[in-house]
Amino acid sequence: MIDGKDERLGQPVVQKLMTQWFFRYTRYADELLDFSPLDWPEPIRIMQTNWIGRSEGARVVFKTEGGHAIEVFTTRPDTLWGATFMVLAPEHDLVSKLTTPEQKAAVEAYIADTARQTEIERTSEGRDKTGVFTGGYAINPVTNQRIPVWIADYVMITYGTGAIMAVPSGDQRDFEFARKFRLKIVPVVQPDGQPPLDGATMAEAWAGAGTMIHSGPLNGLVCNGEKGRKNPSIAAAIDHIAKLGVGRESINYRLRDWLISRQRYWGSPIPVIYREDGTIETVPDDQLPVELPQDVKMTGTGNPLGNHAAFVNTVDSEGKPARRETDTMDTFMCSSWYFLRYLSPHYDAAPFDPEEAAYWLPVDVYTGGAEHATMHLLYSRWFNKALRDLGVFDDAAEIMAAHGRDPETAFDEPMKLLRNQGQVLGAERRGDFVIATGQRAGNKLIASRVEVLTAEARRVFESGQQAPPDGAVVGEIVKRTENILNVLDLTDGQLRPVEVSERAELIIPGIPGPNNVNQFKHHLDVQRMSKSKGNVVNPDELVAQYGADTVRAYLMFGFDWGKGGPWNDEQISGVVRWLHDVWEMVLAGSPGAGTNEGARAAGRKAHQAIRKVTDSLEHFSFNTAIAALMTLRNDLRALLRDGTLGGAAWNEAMRDMLLLMAPITPHIAEELWSRRGLPYSIHQQAWPAYDAARAAEDEITLVIMKNGKPVDRVQVAAGIGEDEAKAAALATAGAQRILNGGQPQRVIFIPGRGTVEPKVNIVV
RNA sequence: GGGGGAGUGGCGGAACUGGCAGACGCGCAUGACUUAGGAUCAUGUCUCUCACGAGGUGAGGGUUCGAGUCCCUCCUUCCCCA
């Protein structure tokens, strides 16, 4: 949608109320807020929590002068005495009843205007407040004051009750609305230590803590700024309205029910039948699934299912004529449970085979993009809970119990551990750099000749060695639409349209034969890969060139898995060299007996690698795992060059290295494993066990720092204690220099831990 | 507008709970071997400085013996908004 219009057809887009199908998403709101059984990333838990948006408060009923009830939800019932007007969503049922004849035209115009806006536009803060008085009044149930009822687009019919009590002294949006339309403002919370607030003069709403004023029985109470009953003023207000019988304590959620209806062909049919008498029944289990008809006519208007008589016309459970529902389901429906179907894709008696479910569920590790935080990843949780309560997992639970697994909480959540991967994006591409000549027409150039310049020719122009000829346009193609090139003019940095006429002479050196305008390359920013943008990288070609293991290892090495980034294959050669080196090292065989020294060193390097690779894989840090393996390659090669590594130590080092590589380059590791004569399969061997004693260094570098900055280093024994380390540090030339004969203020010993070596910090 | 991320060399990226910033790799430079090198090997490669040293993780402040990491203000940018 662009400017309120459909981007393809240019039709205006407006919002209409429709009858559609929903899932009761809100039913599980509280359970979905409980993340305690889950090992999920903190940002995802925060986003889901905010999305569900639980707020504590009260529902309060206002009566209109005509006797109609308007229910509102408020998190601040304590500010009820400051509610000086009400605002309804333009779509609210009561609007037509409240609107007086004088206001009718203005109200209807406003409603029509609101229907053209998106929700994001409507709720944006900081934009001009708009609204219309309905002409009607309601009675504030605690002050019994007559207050005007307005409609405004910032109130959503889909949120809460579609109506709000406006407290301009305590809510900034209400305040701006009141100021703009000259509505009454009554302060009810007086911030402590501030001059008394006056509704006529206050500059902005006060939403913070203070003391209650102008609030009848609440006067003098503390408002501590907390939410819900933890705030004394709110607790008192809830009790008061309950006693008056005008309201009750309540919890509201931002989360709304899940709209699953789509008025289009591509989706699973909603298995519902409308009977002649207007009642609804669901399609019996033995007739499921309802399948889409294959022979629909795509006319471009309306839902093709609605025009397909054979699909629509059916019979109900009593054999009487009935109509099928023609809405289809949101595609999130399928993505919410596909992983259950994966367990047994050919099982046709149920969504999944309970035997398989008992073995595999719940999913141990799930990876998915963070962009799905509040959509797929929340829908899936909801879906799982709904299936659980429908009894879909009951058979699996029984089987699970029979195998000694406790099914009690096994089906509460679909995926126990979640990690978010990033996305590899399309690479940036520079557009062709062209020189175009022809006829100027204002800012535009009607080109009779366009030539793509070589890198060399480009440099001549870019460096200023040569100025573009008069009337010519020289620069990079930023965008192309049909036969109009948008060229970034080198001379002034402005975008200049270049229209390529049909008879124009086009010269693209990289593409032999006669050229056409479609062959010009325009600039591509870094963005998601997509066919329509033409920036897709085909892994098949890379696999054909380098092999599957190399491409796999490169993808793991070249990017931060959790972040992704623009595609580039510049450093794939580093992975190719690594695998070449390993291949040759292993196949060369042991060079000889080696030395004890070399054996110890190889064991040390191998065990350091075992630690690092194991740790990295557990943290989904695949690039550092491969870096550790490359380091091991470097270390072993150095030992081989020195001639100190050989014999049994060589065998062991190769074995450990291949085992560590197995998850990363499964085919190469298996092949080398087999050529070493080791038993099939490498993927069924135990992971190498880390031995801290073998990984330990004999000597370490003690870093001496001055106020946290390194100034010297000294080699010391690995197990050095605090006193010895301080003495050794103070004896170094660097320490002597910074002390310059004086005494240090403090000497701090930082003990080593893990792979971090100890340090001494001298404070001067 | 709201919610959630991310900013580190020429480049991709390391740095576990505050402890040597730049691991590993690409690229680049110099040298070796070569008829040749877009192969291979060796050495070097954050910046400034002949050096000694000093500075440095988007900007500015703060906490700390010590900050890429924690706190505050701001800038840029990516994702999501049923």
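Quick note on labels: first sequence line is chain A, next is B, and so on, each numbered from 1. Atom set for the values below is all heavy atoms of this structure, side chains included, hydrogens, waters and symmetry mates excluded. It should be emphasised that the depicted structure is a prediction, and the values quoted were computed from it without experimental measurement.
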With sequence neighbours excluded, tell me which residues meet salt bridge (charged side-chain N to carboxylate O under 4.0 Å, His left out) with Asp691(A).
->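 Asp691(A) satisfies salt bridge (charged side-chain N to carboxylate O under 4.0 Å, His left out) with no other residue.
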
Of all residues at least two apart in sequence or in a different chain, which pass the salt bridge (charged side-chain N to carboxylate O under 4.0 Å, His left out) check with Glu91(A)?
->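 Salt bridge (charged side-chain N to carboxylate O under 4.0 Å, His left out) check on Glu91(A) returns Arg122(A).
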
Between [range] and RNA chain B, which residues have a heavy-atom gap below 4.0 Å?
| range | result |
| --- | --- |
| residues 579-587 of chain A | none |
| residues 617-624 of chain A | Asn623(A), Thr624(A) |
| residues 633-641 of chain A | Arg633(A), Asn634(A), Arg637(A), Arg641(A) |

Which letter, B, S or -, goes with each nucleotide of nucleotides 61-69 of chain B from 5' to 3', with contact meaning a protein heavy atom under 4.0 Å?
-> ----BS---

For nucleotides 75-82 of chain B, read 5' to 3', which letter fits each nucleotide if B means a protein heavy atom sits under 4.0 Å from the base, S means only the sugar-phosphate is that close, and - means neither?
-> ----SSBB

Could you list the residues that satisfy ring-ring contact (aromatic ring centres under 6.0 Å, His included) with Trp258(A), not counting sequence neighbours?
->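 Counting only residues at least two positions away or on another chain, Trp258(A) forms a ring-ring contact (aromatic ring centres under 6.0 Å, His included) with Phe23(A), Tyr25(A), Tyr379(A), Trp382(A).
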
His92(A): side chain to side chain contact (heavy atoms under 4.5 Å, CB included) partners, not counting sequence neighbours |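 Per chain and number, His92(A) pairs via side chain to side chain contact (heavy atoms under 4.5 Å, CB included) with Leu88(A), Leu94(A), Val95(A), Ile157(A), Ala163(A).
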
Identify every side-chain donor-acceptor pair in residues 558-573 of chain A under 3.5 Å, counting partners at least two apart or on other chains, and give the distances.
{"residue": "Asp560(A)", "atom": "OD1", "partner": "Gly562(A)", "partner atom": "N", "Å": "3.0"}
{"residue": "Asn568(A)", "atom": "OD1", "partner": "Glu570(A)", "partner atom": "N", "Å": "3.1"}

Which protein N or O atoms sit under 3.5 Å from an N or O of nucleotides 44-53 of chain B?
{"residue": "G53(B)", "atom": "OP1", "partner": "Arg737(A)", "partner atom": "NE", "Å": "3.4"}

With sequence neighbours excluded, tell me which residues meet side chain to side chain donor-acceptor pair (under 3.5 Å) with Arg381(A).
->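 Per chain and number, Arg381(A) pairs via side chain to side chain donor-acceptor pair (under 3.5 Å) with Gln48(A), Glu413(A).
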
